[in-house]
Every structure is written in C-alpha cells, then in structure tokens.
Protein chains: 2
Amino acid sequence: MKSESIGNYLKAIYQIQERQNDQPVSTTRLAAQLGVASASVTGMLKRLSAGEPKLVDYEPYYGATLTEAGRKSALELIRHHRLIESYLNQALGYPWDAVHAEAERLEHVISEEMEERLAAALGHPATDPHGDPIPDREGHFEKRDDPCLADLADGQRAEIRRVVAQEPELLRYLAGLGLTPSVQFELVSSAPFNGPVTLRVLGAQPSERVIGREIAEKILVAPLHSTITEPSHE
Amino acid sequence: MKSESIGNYLKAIYQIQERQNDQPVSTTRLAAQLGVASASVTGMLKRLSAGEPKLVDYEPYYGATLTEAGRKSALELIRHHRLIESYLNQALGYPWDAVHAEAERLEHVISEEMEERLAAALGHPATDPHGDPIPDREGHFEKRDDPCLADLADGQRAEIRRVVAQEPELLRYLAGLGLTPSVQFELVSSAPFNGPVTLRVLGAQPSERVIGREIAEKILVAPLHSTITEPSHE
DNA sequence: TCCAAAAATTAGGTAAGCCTAAATATTAAG
DNA sequence: CTTAATATTTAGGCTTACCTAATTTTTGGA
Ligand SMILES: [Mn+2]
Ligand SMILES: [Mn+2]
Ligand SMILES: [Mn+2]
Ligand SMILES: [Mn+2]
C-alpha cells in the first residue's frame, strides 16, 4: 500500500461503491466519508488515477471508480481490518463496540505474516464480530444479500446475520438488548409509517424488544424456515 | 505521541543515551541510527526542543538530551515495543528474530487499552523475548547491569539473561546454537587477543559452542553461584 | 598556535496531505 | 431556455519530514 491516506481513500471508495451498485463515487460523498475538504479529494483522485499502478478511474466532474488494482488493495485492507476486529474480540476480549477504532489504525501496519497468523489463530473465520464477511487472501468472499430486520413479515422468525454499524454507542445499545449476530428472534410487528419494530428474542427473559426503524434497517437477518422443513435431506 | 517520526527520534535518543551514560547525543550519531541526513536531525532537534511540551534539551553543536517528558514518551514506546514482541512470540508463535520488525510498526498505533490487554494476557512480563526489560506503565523498570559472556572467567557457570541484538540473521544463528535467554552454560575458555569464546551449554548434546568475541559481548549473563552457597538464608 | 578535517548548521528544495477562497462546470427550477 | 443553486476544480498556502549543497563551528594534529 502506498500510504495510510491512500489506503483510506481506496477503502472509502470501495465501501461507497458497494452501497450504490458500483456507480461512480462523487467528490462530495468521498469528502464527507473521509472528513476532508472536497478540494483535497479532487487532488487525491488525480494522484490515484495518474500513478502507476492506476488505482482509480477518474473522470473530472463525473466521479471515481476503483480499478481492479484499487479494488484488490481495498479488499486487502478490509481483510486486515476484519481479521483484526475478530482477533481483538476473540483473543483479547475486546467488546464488539471497541474493535473498530483499534482495527482502523492497525490495519495499515500489520505484515502479511501477521495477517496469516491472525487468520490461523482464529481458524480462518468467514465473518467478523459484526457479521461482516472477511475476504480471503485473494480478495474473494461470499456476497450475501440478506434482508434487514425491517423487511420481515409479522410472525416471521429469523437469525441475526450482520449489524451494519460501527458507532460504539449504537453497538453497546444493541448488545444490551441482546441483538448480536447468530441470535434468533421472532418479529412481532412493524408499526406503519416507518414506526418502531417489535420483536421477541428466542430464549431471552424478558424477550420483547422495541427498536426504531432506522436501527432495524441496519440489522441484516436470515429468515428461519419453519421447524419442520424437508426431512431427510442430508 | 506527536507523530511516528517524533517517536522514533525520542526512542533513538533514549537508546543512545543509555549506551553512553546519559551523555548528550550527537547529531551524526542520531542521523546514523535513524538513517536520515544530519541536516534533518538538526531540524527535528530544534522542533523537539522548541515545542510544548519540550521533549529534548538541545544545545547547537553540543548535542541533545531527553527532558523528563521526552524520556517518558520514549519509555512508553519502548514498553509498547517489548510487550508487542512478547505477545507476537508467545501468543502468535513468531520466532524471536521476526518480532522486532513487526513491533517497530505496531508500537506507534496501539492504544493504551491494547497495551494493557497485551500485558494482562501475558501475565505482566518483566522482559521480552530477547531479555530486554519491559518498563511498567509509569516507565519504571529494574536497571540491571549484567556482565557479558566475554567477561566471565574460565570454568565459570552462568545463565543467559539478555541478547542485545535485533538483526534476524544473528538471532537465528544464536537460536540455532541454543543460546537464548535462561539457557545455562559453562564458559570453557576465552582465547586471548579478542579471540573466540568457547562454552558448554548445560544439558545440550553436543554441548560445545565456539562464538566470536563480538557476539559474546552482546550476550549478557548472570553468573551462577556454586551449587552450595550460603545455606539456610531464606 | 594555526589549519585542515570533521561535525554541525543554514539555505533552499521536494513531496504528501491537508486547508480556504475563488473560479468554473453541472444541474435543476422556473 | 435561462438562471440560480450546487458540485467540483483550480489557485495559493501551510506543515511535516525529508533531501543536497553551502557555510560555519569545533577540534585534533603539526
Ligand atoms: Mn494483507
Ligand atoms: Mn466489522
Ligand atoms: Mn502506552
Ligand atoms: Mn526486544
């Protein structure tokens, strides 16, 4: 990786592209994500698209897209980030709301050897503590398209797969409610007009939870098939 | 810590001062240690002695000395470095010749929380894999003044306490000979005119080792008292 | 004591990454 | 189709941390 700053630009472009169907990323959007002035972004995009190797395709006034090389670099950093989060959580006992900040700095400085040792120590995990997928060494990972909690029908049961958030306060709030990956629940009701969502956590006492719609949209889930599905099928 | 670069200057000044009895560190010596031009060092020393807090006392043409604040910062980094080395070695299985390079980058970015968790996971160790002492959170550590292997008298037995080196090749060579901290041996002979040193590793087969004087001076030891010393004394 | 060699500083530059303010291009509304 | 708002780029600066070359200071012989 060229520099920590370049790495952060590539990661940001990747993540924004991911959220908007690979459309070009605007200067303003990037500036907001990175917390820098738009003028700074313009300058960096020029560098990234001029340098060798070319890391982004940049069309002035139009936007930026990662090249294959840029994508590779971004995924490399994301792999570092998520392996570090997992390791801090599982081996060093960090709570899931504290891992992001630490990983954000460590991801830029660990060696390939350390990456490999962390992965091995964890048994080559597929996801991090938030349920985010961990790309393999080649940058491959399963692209899931899980529905969010707010998409479920009343009465439907599901398992939490992923929580799309890093804000410590929010993560602590959710952990306090017992809403973390692999927890199973039943959706009781979704109030209309983007109202709150009520659910029952399976095996918790008390089990009822009411959360805002905005948060419910950050919780990705896998619906559970009814207890009696296809029998004798493996 | 102001910046990674400043941290490296402070560490370097500390380590040079340590090796020369707290005498002021010269521009050239620092430049050599850091691998930068002397002019760059002059510039940085000015900054370090001008800034708030003042990290070094700097007298042009004379040299630089750490202030108390500078010493604290240096020891903080050294604590990070040695805890990281220990952790990589003990928890992640790194060989002792590989830990230095990784720690050199990580030491600048870990949080105080991570420092504490690493220390706790290791049981608050007093030394790193090379036998270097690990300062506590306040920067205190036992100042040992161990003799080196070359200082021993013929026939004297001792235990290896510390190996003052980070070059991977040298460390691998020594590990290959079984010369690592806590190993016990008997000095057979020191050839005159700075000649090679011959020793017998206790409990090894074959046990004889012959090493150059220069290397013998980097191996610090604790002489073993004869098996029957003062009886009933605690 | 004087002078050359060595050490250190000053002078003048460069590159990365940021900033603000001004200029320009795009877009959206009337 | 024009114009005002918005997005983006350009211009000009700043700081950190380097560099090389020139100058100055210190120092160690002779
Ligand atoms: Mn990697
Ligand atoms: Mn995560
Ligand atoms: Mn610390
Ligand atoms: Mn060490």
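By convention in this document, chain letters (A, B, ...) are assigned in the order of the sequence lines, proteins followed by strands, and residues within each chain are numbered from 1.
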Check whether any side-chain N or O of A:Q33 sits under 3.5 Å from a backbone N or O of A:I16 as a donor-acceptor pair, and report yes or no. no
Treating A:R79 as the side-chain partner and A:P135 as the backbone partner, does any N or O pair qualify as donor plus acceptor under 3.5 Å? yes
So, are [X] and [Y] salt-bridged, with charged N and O less than 4.0 Å apart?
X: B:E217; Y: B:R213; answer: no
X: B:E68; Y: B:R71; answer: yes
X: B:K72; Y: B:E76; answer: no

Can you check whether B:I6 reaches B:L48 side chain to side chain, under 4.5 Å on heavy atoms? yes
Under 4.0 Å between a side-chain N/O of B:S5 and OP1 or OP2 of D:dT16, yes or no? no
Rounded to the nearest angstrom, tell me the gap between atom [atom1] in [X] and atom [atom2] in [N].
X: A:K2; N: C:dA16; atom1: NZ; atom2: P; value: 9 Å
X: A:E4; N: C:dA15; atom1: CD; atom2: P; value: 22 Å
X: A:I6; N: C:dC18; atom1: CD1; atom2: C1'; value: 14 Å

CD (A:E214) with more than 12 external heavy atoms under 6.0 Å: no
Establish, yes or no, whether the cationic atom of A:K143 lies under 6.0 Å from the six-membered ring centre of A:F141 and within 45° of the ring axis. yes
Of residues 52-60 of chain A, the positions that come close to DNA chain D - non-hydrogen atoms, cut-off under 4.0 Å: A:Y58, A:P60
Can you tell me how the ring of A:H100 sits relative to the ring of A:H81, calling it parallel under 30°, perpendicular over 60° and tilted otherwise? tilted
Would you check, one step at a time, whether the test salt bridge (Lys or Arg N to Asp or Glu O under 4.0 Å) holds for B:E112 with B:R137? CA-CA 9 Å; B:E112 291 309 284; B:R137 251 163 289 134; over 6 Å; no
Just to be sure I understand the rule, does B:Y62 reach a base, reach only the sugar-phosphate, or reach nothing, if contact means heavy atoms closer than 4.0 Å? nothing
With the side chain of B:Y61 defined as its heavy atoms from C-beta on, choose the nearest nucleotide among C:dC18, D:dC18, D:dT25. D:dT25
Heavy-atom contacts under 4.0 Å between residues 33-46 of chain A and DNA chain C, which residues? A:G35, A:V36, A:A37, A:A39, A:S40, A:M44
Residues from residues 11-20 of chain A sitting under 4.0 Å of DNA chain C, heavy atoms only? none
The residue among B:T180, B:I160, B:I219 that forms side chain to side chain contact (heavy atoms under 4.5 Å, CB included) with B:L174 is B:I219
